[in-house]
Amino acid sequence: MGPHEEVAPELEAWVADVDRIMKRDWCIGTADAGSSEEELARHWRDLEPPEAFVAWFAEKYDLIRFDWPHYSNRYS
């Protein structure tokens, strides 16, 4: 996907779901994680659910899950 290519609305929605799940579970979004547009589009074209992509990405890069209740109680 080049900078002037149109992105399918379905792909945009899928990436938004991935981004939301990554931020919720790993405190990092797709842009911060360095996910390329090509990588995201490839997984979307393969009909991979957003949750499965996030799980794959987290395992591949050995991400550390944050326990939100622990952190929220600490700062509340």
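- Using a 4.5 Å heavy-atom threshold, the side chains of Trp14 and Leu40 count as touching.
- When all heavy atoms are compared, the tightest approach of Ser36 to Glu39 is OG-N, 2.9 Å.
- Of all non-hydrogen atoms in Asp19 and Gly29, the two that sit nearest each other are OD1-CA, 3.1 Å.
- Here Arg20 contributes atom CZ and Asp25 contributes atom CG; the two are 9.0 Å apart, rounded to the nearest 0.5 Å.
- The side-chain heavy atoms of Val54 and Trp26, taken from C-beta on, include a pair separated by under 4.5 Å.
- In terms of heavy atoms, Met22 sits closest to Thr30 at SD-CG2, 3.8 Å.
- A salt bridge is absent between Asp46 and Arg42: the closest approach of a Lys/Arg side-chain nitrogen to an acidic carboxylate oxygen does not fall below 4.0 angstrom.
- Put simply, the side chain of Val18 does not reach to within 4.5 Å of the side chain of Trp44, judged on heavy atoms.
- To the nearest 0.5 Å, atom CG of residue Leu11 and atom CZ of residue Arg45 are 8.5 Å apart.
- Aromatic ring pairs are classed by plane angle as parallel below 30°, tilted from 30° to 60° and perpendicular above 60°; the pair His43 and Trp56 is tilted.
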